[in-house]
Visitor: 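Supplied in C-alpha cells, the structure appears directly below.
Counting begins at 1 with the first residue of the sequence. None of these values were measured; they are calculated from a predicted model. First listed ligand is number 1; within each ligand, the first listed atom is number 1.
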Amino acid sequence: MMYDVNRVREDFPILSREIYGRPLVYLDNGATTQKPRQVVEAMVDEYYNVNANVHRGVHFLSQQATDLHEASRETVRRFINARSTSEILFTRGTTESINLLAFSFGEAMVKEGDEVVVSAMEHHSNIVPWQMMCERKGAQLRVIPITDEGELQLEALEGLLHERTRIVCCTQVSNVLGTVNPVKEVVRRAHERNIPVLIDGAQSVPHMKVDVQDLDCDFFAFSGHKVYGPTGVGVLYGKEEWLEKLPPYQGGGEMIKNVSFEKTTYNELPYKFEAGTPDYVATHALATALDYVSGLGMENIEAHEQELTRYALERMQQIEGMHIFGDAKERDAVISFQVGDIHHLDMGTLLDRLGIAVRTGHHCAEPLMRRLGIEGTVRASFGLYNTKAEVDALVEGIERIRRMF
Ligand code: C6P
C-alpha cells in the first residue's frame, strides 16, 4: 500500500491551523500527538449516545458501554500481541503504569538490600517511582551506563545483574536521543538470571510494531496520548503469572470480590488492578486510535517516519554549528539538537514564532542531561502526518535564527 501522507493529514483538523499567521508545523509528537477525527468522533459519539458507568448496571446503556470498554481491551491485546486480556491493565498513562508496578512489585518482591536496575537514558517516570520504592524498602537503584553515541552498554548490564537484582526497567526508545534499545536482548540477559523486565514503550508504540510475546518482557507500559489516542489513558501489560502474584495498587470499587470490615477479597485479573470507574470513554477512543494506526499499517508508518528522520538528519547536519545529540545505529523519529551557543529556549521560542512547535529543556530526563553535560536541548519529534516540506521549514527556520545570532 502506498502511504499517502497528504490524505492522512486530512484526518487531523488541527494540522490546518495557522500559528502567528503561518501554517502549523507540529514537531512535538514525542510530548503528545494530535488526534484524528475518528478518535474525537468516537469520544463525542460515546458521550452523546452511550454514556453509562461500566461493569455496574444491568441496564442497556451500561451493558453497551461495558461492551465497548472490554472490546477496547481486546483491541489493545491484539495490538501488542498479549496472550490474554487479563494481562491488559488500563491506567492513566505510562507514568501511572510504572507507579502501579513499582508499588505492587515493591510490596511483594523487594526487600532491604535488593537492587533495581534502570538505564541512564530513562524518563523521570521510569526512575522516580523505582527510587521511591527503593527508599521505602531499603533497596538500591543501579544504572546501566550509555556510550557517547547514546547506546546502552550491554556489557555493563552483565555486571549489574546478580542474585539481589529484582527487576530491570528500560525504555525501548529514548525520548531524547531517539535511540532504539535492544530490549529483546536486555530481556534475554535478565531472564538468564530469572530477573523480570519492564519495558517503557511510551516512545516506541507510536512508531513501530510491538509484540510483547516476541520481546518476552514481563511488563510493558505505554500512553494513549502519544499514539494518537486521548489523554488520561494508558496501559500496563503484565504477564499473567506475574500479575497474579502482585498485590493491588489502589483499593476501591471494581477491584474487590467481597468486602467486609473484617476481610476483603480481591477481584480477578485485570480488575484487581483497576479500582474505581475507569475512563471508559478514553479506553474506547484509545482502541479507535490503535485501529486507526493499524489501518494505516505500523510498517508503513515506520517506513515513512524513518525516511523523514533520515532526511531531517541529513539536512540538519549541514547547518553550521549544528550539534545533534545521540548517534545510535538504530534510531527513531526523535532529533535532539543545539546550534552553536544559542540557548535551547531561545531557539524554541523563535521557532514557535515561525509556527514550528518543538520541545525544549531537559525532556524529563535530568540524569541523561547530566550524562551529556548539558542543561537541555531543542527536540524535534516526528509523527505519522509529518512531511519533508515540514522538515524543510524546520531547517530554514533554524538557519534563519542562526543568522540572527
Ligand atoms: N515523555 C516527552 O515530551 P506520560 O506523561 O505518563 O504519558 O509519559 C511519561 C513518559 C514515560 N516514558 C517516556 C520514554 C516518555 O517519553 C514519557 C513522556 C514526554 O518526552 C513528556 S515529558
Side-chain angles (χ1 to χ4, degrees), residues 26-35 76 89-103 118-132 144 146 150 152 168-181 183 186 197-208 210 217 219-237 249 279 282-283 285-286 289-290 325-326 328 331-337 344-345 348 351-352 357-369 371-372 376-383:
Y26 187 77
L27 301 178
D28 196 16
N29 296 285
T32 199
T33 52
Q34 301 302 343
K35 317 307 168 198
V76 174
L89 314 184
F90 284 122
T91 65
R92 286 193 298 124
T94 307
T95 303
E96 190 178 57
S97 296
I98 299 175
N99 275 277
L100 183 165
L101 184 64
F103 178 84
V118 300
S119 93
M121 66 172 89
E122 298 308 309
H123 185 278
H124 293 164
S125 64
N126 205 20
I127 300 173
V128 184
W130 297 110
Q131 214 164 31
M132 289 162 65
I144 315 168
I146 58 169
L152 285 183
V168 175
C169 311
C170 181
T171 193
Q172 187 165 16
V173 172
S174 161
N175 69 320
V176 177
L177 306 168
T179 308
V180 180
N181 285 321
V183 287
V186 171
V197 177
L198 158 73
I199 305 296
D200 175 348
Q203 298 290 347
S204 59
V205 161
H207 305 291
M208 60 183 68
V210 166
C217 57
F219 305 100
F220 187 93
F222 70 96
S223 297
H225 71 100
K226 292 192 201 284
V227 60
Y228 311 97
T231 49
V233 68
V235 171
L236 177 66
Y237 156 82
Y249 171 50
D279 193 342
T283 57
L286 169 60
L290 299 182
F325 296 94
R331 66 174 302 150
D332 211 72
V334 175
I335 303 178
S336 267
F337 63 95
H344 51 86
L345 254 180
L351 283 173
D352 177 52
V358 292
R359 192 173 164 187
T360 62
H362 56 56
H363 313 298
C364 301
E366 283 188 22
L368 175 58
M369 293 298 121
R371 166 65 179 85
L372 299 171
T377 76
V378 188
R379 183 189 71 180
S381 51
F382 305 110

Visitor: Non-hydrogen atoms of R379 versus ligand 1: any pair closer than 4.0 Å?
Guide: yes
Visitor: Minimum heavy-atom separation for S336 to T377, with atom names?
Guide: OG-OG1, 3.1 Å
Visitor: Using a strict 4.0 Å cut-off to heavy atoms of A202, name the atoms of ligand 1 that fall inside it.
Guide: 11 (C), 12 (N), 13 (C), 15 (C)
Visitor: Tell me which protein heavy atom sits closest to atom 16 (O) of ligand 1, plus the residue, atom name and distance to 0.1 Å.
Guide: Q203 NE2, 2.7 Å
Visitor: Among E122, H362, K226, H363, which one has a heavy atom closest to atom 19 (C) of ligand 1?
Guide: K226
Visitor: V183 versus C217: any side-chain heavy-atom pair under 4.5 Å?
Guide: no
Visitor: With rounding to the nearest 0.5 angstrom, report the CG to OG1 distance, N99 to T94.
Guide: 11.0 Å
Visitor: Please state which protein non-hydrogen atom is closest to atom 15 (C) of ligand 1 and give its distance, to 0.1 Å?
Guide: H123 CD2, 3.4 Å
Visitor: Could you work out, for atom 22 (S) of ligand 1, the closest of R359, H124, M121 by heavy-atom distance?
Guide: R359
Visitor: What part of T171, side chain, backbone, both or neither, has a heavy atom within less than 4.0 angstrom of ligand 1?
Guide: side chain
Visitor: Report yes or no: does a heavy atom of D200 sit under 4.0 Å from some atom of ligand 1?
Guide: yes
Visitor: State the CD1-CG distance between I146 and L368, to the nearest 0.5 angstrom.
Guide: 5.0 Å
Visitor: Run the numbers for me: atoms of ligand 1, each under 4.0 Å from some heavy atom of C364, listed by number.
Guide: 22 (S)
Visitor: Considering only non-hydrogen protein atoms, determine which one is nearest to atom 6 (O) of ligand 1 and report residue, atom name and distance to 0.1 Å.
Guide: T95 OG1, 2.5 Å
Visitor: Taking 4.0 Å as the limit for heavy-atom contacts, which would you say applies to A31 with ligand 1: side chain only, backbone only, both, or neither?
Guide: both
Visitor: Under a 4.5 Å cut-off applied to non-hydrogen side-chain atoms, are F222 and V76 in contact?
Guide: yes
Visitor: Work out which heavy atom in R379 is nearest to a heavy atom in N175; give both atom names and the distance.
Guide: NH1-O, 2.9 Å
Visitor: Of the protein's non-hydrogen atoms, which lies at the shortest distance from atom 11 (C) of ligand 1, and what is that distance?
Guide: S125 OG, 3.1 Å
Visitor: Closest approach of S204 and V173, non-hydrogen atoms and distance?
Guide: CB-CG2, 3.7 Å
Visitor: For ligand 1, which atoms, with element, lie under 4.0 Å from some heavy atom of S223?
Guide: 4 (P), 6 (O), 7 (O), 8 (O)
Visitor: Which distance, rounded to the nearest 0.5 Å, do you find between the NZ of K35 and the OG1 of T231?
Guide: 7.0 Å
Visitor: Do H123 and T171 get their side chains close enough for a donor-acceptor pair, meaning under 3.5 Å?
Guide: no
Visitor: Would you say CZ of R92 has more than 12 non-hydrogen atoms from neighbouring residues, nucleotides or ligands within 6.0 angstrom?
Guide: no
Visitor: Using a 4.0 Å cut-off to any heavy atom of N175, which atoms of ligand 1 qualify?
Guide: 2 (C), 16 (O), 20 (O)
Visitor: Could you check whether any heavy atom of E96 sits closer than 4.0 Å to an atom of ligand 1, since that is the contact criterion I want to use?
Guide: no
